[in-house]
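All of these numbers come straight from a predicted model, not from anything done at the bench. Remember, it's 1-based here, ligands and their atoms both numbered in the order they're listed. We count residues from 1, following the sequence as given.
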Amino acid sequence: METSTTIDLAGFELAELEDVVAGFGRPRFHARQIFQWIHRRGVSDFAAMSVLSRELRADLAAACRIETPTVLRSERSEDGTTKFLLGLADGKRIESVGIPEARINGSDRLTFCISTQVGCAMNCAFCLTGKMGIDRNLSAGEIVGQVRVLARSFQVLDGRFTIVLMGMGEPLHNYDATMKALRILCDEHGLGLSPRRITLSTVGVLPALERLATEPIMPNLAISLHATTEEQRDLLVPINRKYGVEELLEACRRFPLKRRERITFEYVMLKDVNDRPEDARRLVRLLTGIKGKVNLLPLNEAAGIPFERPSDERVDRFARILSERGVTVSVRKSRGRDIRAACGQLITESSRRKSSGQMLAGLIAT
Ligand code: SAH
């Protein structure tokens, strides 16, 4: 690649950018300007950074680049959900989804669903991404880059959106890059997002979860629980064999939450597997003493996924059992199913199989 000899600034924190600028023998404050132009204006071409002197722009253009994922395809669903197939510098492909939501109180919300890995190693039994296996981690620049591409596309570079790390990959399995991306996104000199507008969803990689508990930038936490016994979770979420339900919930009890903050427990609903009244009652007991709420995700079915989606009645009954016992519960609406962009499940062809030239399928259940 012709650009590989230059430094990619896309994943640099402000302090690192300052070092680059100082390296050119220029005042460090220029770093703030560059950071702003990248993250707040979505510019990836130094020539366009008109506040900088012509000389500095030329220096930067000679030695640096701002790698930005390219939109290979975007598909818009009837409900406004838009799925982006993005190409990375090395030819790998990922998907990100933009989900506009009209809310009853009139305030519209826009959520970006962002990937953290190419593929995923967790291999959850009902997840399409898991079928791909893991290809590689995304860099901080590639994680932030998805946000930049979507923000530009929806014209919200002012930060009027929320982020869910629920695309391809397990964020806590790519801890350093994910946390670095969050620091960049929350930096007041860039987009200045509040961590409260970011939700990290995880199967619960315990050592990483314990580390997250000590971070200065703390996103909302969503735990993919999906089962109420060790045996069942062992089958549905294989990492449970290493870090079991009991340990995971202990870590959740210890997780530092501010007043009014709660952990979201995601629970994918699989017909006749984990959708019975006794499962609901067991879930209530498990969550006793945890500041949490439950988000039910009726399965998004797909070829190759050996489970069925329960009926709405089944889901309602399950939800009622929880709410009658004082557990806050919501049912996640599927968005973008007509373009196979419904929540959680994204899959792209691996580069090894590029010959087919086609994305296999995409689903991200929101
Ligand atoms: N690796 C992270 C983020 C993944 S996606 C995690 O596991 O939390 C976000 C959510 O979508 C997870 O709770 C995941 O279990 C769920 N999900 C995966 N496949 C699904 C499907 N077919 N239908 C509904 N939800 C699914």
Would a line drawn from the ring center of F126 to the ring center of H226 be shorter than 6.0 Å? yes
Hey, looking at atom 25 (N) of ligand 1, which of L299, L297, V205 has the closest heavy atom? L297
Check: F35 ring centre within less than 6.0 Å of F12 ring centre: no
Judging by distance only, is a nitrogen or oxygen of P171 under 3.5 angstrom from one on ligand 1? no
Quick test of your reading of the structure: of G167, C127, C113, whose heavy atom lies closest to atom 4 (C) of ligand 1? G167
The answer for which part of N300 has a heavy atom under 4.0 Å from ligand 1 is both
Give a yes-or-no answer on whether the side chains of T162 and T111 include a donor-acceptor pair shorter than 3.5 Å. yes
Is there a heavy atom in A302 that sits closer than 4.0 Å to ligand 1? no
Taking the side chain from N295 and the backbone from E266, do they hold a donor-acceptor pair closer than 3.5 Å? no
Taking N or O atoms only and a 3.5 Å limit, does R332 qualify as a polar contact for ligand 1? no
Under a plain distance cut-off of 3.5 Å, with no hydrogens placed, do Q117 and N137 share a side-chain donor-acceptor pair? yes
Tell me whether M168 reaches ligand 1 (any heavy atom closer than 4.0 angstrom to a ligand atom). no
R160 atom CZ, neighbour heavy-atom count above 12 within 6.0 Å: no
Please check whether V268 reaches ligand 1 - meaning an N/O of the residue sits under 3.5 Å from an N/O of the ligand, judged on distance alone. no
Any T202 heavy atom less than 4.0 Å to ligand 1: yes
